[in-house]
Number of protein chains: 2
Amino acid sequence: MSLDFAILGFLSEADQSGYDLKTRCFDTQARHFWTADQAQVYRTLDRLERDHLVTSRHVAQTAKPSRRVFKLTPSGRDALGEWLSSAHEPPPYRDPFLIQLYFAEHLTDDSLAEVLRESRSFHQQRLGDLRQQLSGLLKGKKRLSRRDEFAQMTLEAAMSTERANIDWLDDALETLRAEAEAQERGSAPQKRLFGLNGDTGGETR
Amino acid sequence: MSLDFAILGFLSEADQSGYDLKTRCFDTQARHFWTADQAQVYRTLDRLERDHLVTSRHVAQTAKPSRRVFKLTPSGRDALGEWLSSAHEPPPYRDPFLIQLYFAEHLTDDSLAEVLRESRSFHQQRLGDLRQQLSGLLKGKKRLSRRDEFAQMTLEAAMSTERANIDWLDDALETLRAEAEAQERGSAPQKRLFGLNGDTGGETR
DNA sequence: GACGAGTATAGGACAAAACATATATGTGGC
DNA sequence: GCCACATATATGTTTTGTCCTATACTCGTC
């Protein structure tokens, strides 16, 4: 469903082929908020054309296979506008890492620390990728277009999430390290890994 | 795949029926990190039994339909242990809200602000739910078991993500508001919604 | 006694996503 | 000539997740 509108959105900016959408949109610009398989792109385009939200025409090329270029129809544009302005529930969380953490009693402290570090590394990599995307977006531009500003905002949003993940993981690793040290020194084992941080009620912040 | 191990994990704590898993685990304890449909639970249990990772026995009840209670096998426990200790790539981001933001040039400032507020409300609700779950977990306990500590950690992790989302949305709304005000007063329109915040390079934090 | 709510399991249908393979053309390197 | 690579589209299959319906028994209530 959302994929439909991501595609309509990209077509609202420029007429494109399925190949363009895959390589120039989903593999690059959009990869931090929506990914799509090549097969998925072509099949969705077929469906959108069947529903008269896009049209296609074949364009021959010299020295390259011919392309099928898609164009947004007026009703496609309407559908996009309506979807963009209405609320959509965020998808449910589904993170294998939290399953691991939830059942971490089966792991040794060392194993758990390793899992935390690996998770951190994944998020660190994603954050690095986001930074690269952002600097690519800003490169050589003194003033961003309104278009670019929104692209930038999506990157900043994703980055703030990644930073939250990394910070949390750092805290958890530090707590684990401190716990291990306390244990080693034979002092009273610090059982509680996390305090309440005053987070059990009241305002958001 | 991950669902398999979530189920194995819950069975590692207690023998349970599909109904128990659905209502007592996935609908309650685990809902902030993994959700599963009833149909999915039963079908996954069938598959796990076929693969000899769990076994089942029928248990008759008085005044209630009989239950099919599942139990982890030794090889199921092995499979769980191995999965828990190895790294798993976090699933790709897929957030319809970021699609909306990315194509927000098609929206008026008011529409966009409304979308941001609605998104905020979703996340606020989730955070509230997380807080409730956490206080439910802590209720009447002076000392948490190691088991509960990990449950608490998953809640804290989810909460930190939600807080990051909400904070980012608040910033965005504030910027939008300030922009609108500047425009109204006829002063030079503040084009850039977001600064760079020094985030284009260097260390994570 | 009809009806809804709770307990319990199961299967059909479908949509979304992932994974794999096929096909056709032209370029450049070995 | 062969192989890899980029361009370009298409289809087959499987897995995962969602939605809906069916079945069956008990209890409380209107």
Hey, can you tell me if Tyr102(B) and Phe33(A) have their rings parallel, tilted or perpendicular (30° and 60° cut-offs)?
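The arrangement is tilted - the two ring planes meet at 30° to 60°.
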What integer distance in Å separates [X]:[atom1] from [N]:[atom2]?
X        : N       : atom1 : atom2 : value
Tyr42(B) : dT18(D) : OH    : P     : 17 Å
Leu45(A) : dT11(D) : CG    : P     : 13 Å
Glu89(A) : dT18(D) : CD    : C1'   : 13 Å
Arg67(B) : dC25(D) : CZ    : P     : 18 Å
Met1(B)  : dT14(D) : CE    : P     : 18 Å
Asp46(B) : dT15(D) : CG    : P     : 15 Å
Asp4(B)  : dG17(D) : CG    : C1'   : 13 Å
Asp27(A) : dA6(D)  : CG    : P     : 13 Å

Would you kindly compare Gln61(B) and Arg94(B) by the position of their nearest DNA chain C nucleotide and give the one closer to the 5′ end?
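Nearest nucleotide further toward 5': that of Gln61(B).
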Are the ring centres of Phe103(A) and Phe150(B) closer than 6.0 Å?
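Distance test on ring centres: not under 6.0 Å, no.
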If you measure only the distance, is there a donor-acceptor pair under 3.5 Å linking the side chains of His106(A) and Ser12(B)?
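Looking only at side-chain atoms, Ser12(B) and His106(A) do form a donor-acceptor pair, the distance falling under 3.5 Å.
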Students often get this wrong, so: under 4.0 angstrom with heavy atoms, is Ser17(A) touching a base, only sugar-phosphate, or nothing?
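Sugar-phosphate, backbone atoms only, no base.
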So what does Thr35(B) hit on the nucleic acid, given a heavy-atom distance under 4.0 Å: a base, only sugar-phosphate, or nothing?
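Since no nucleic acid heavy atom lies under 4.0 Å of Thr35(B), the category is nothing.
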[X] and [Y] ion-paired at < 4.0 Å:
X        : Y        : result
Lys22(B) : Asp37(B) : no
Asp46(B) : Arg68(B) : yes
Arg47(B) : Asp4(B)  : yes

Could you give all pairs that pass the salt bridge (Lys or Arg N to Asp or Glu O under 4.0 Å) test and reach residues 93-116 of chain B, with sequence neighbours left out?
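Residue pairs passing salt bridge (Lys or Arg N to Asp or Glu O under 4.0 Å), neighbours aside: Arg146(A)-Asp109(B), Arg147(A)-Glu105(B), Glu114(B)-Arg117(B).
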Report all interatomic pairs (protein N or O, nucleotide N or O of nucleotides 19-27 of chain C) with separations under 3.5 Å.
{"from": "dC19(C)", "atom 1": "N4", "to": "Asp37(A)", "atom 2": "OD2", "distance (Å)": "3.1"}

Are any of Arg68(B)'s side-chain N or O atoms less than 4.0 Å away from OP1 or OP2 of dT9(C)?
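So the side-chain polar atoms of Arg68(B) never come under 4.0 Å of the phosphate oxygens OP1 or OP2 of dT9(C).
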Give a yes/no on whether any side-chain N or O of Tyr19(B) is located under 4.0 angstrom from OP1 or OP2 of dT7(C).
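Looking at the OP1 and OP2 atoms of dT7(C), one of them is under 4.0 Å from a side-chain N or O of Tyr19(B).
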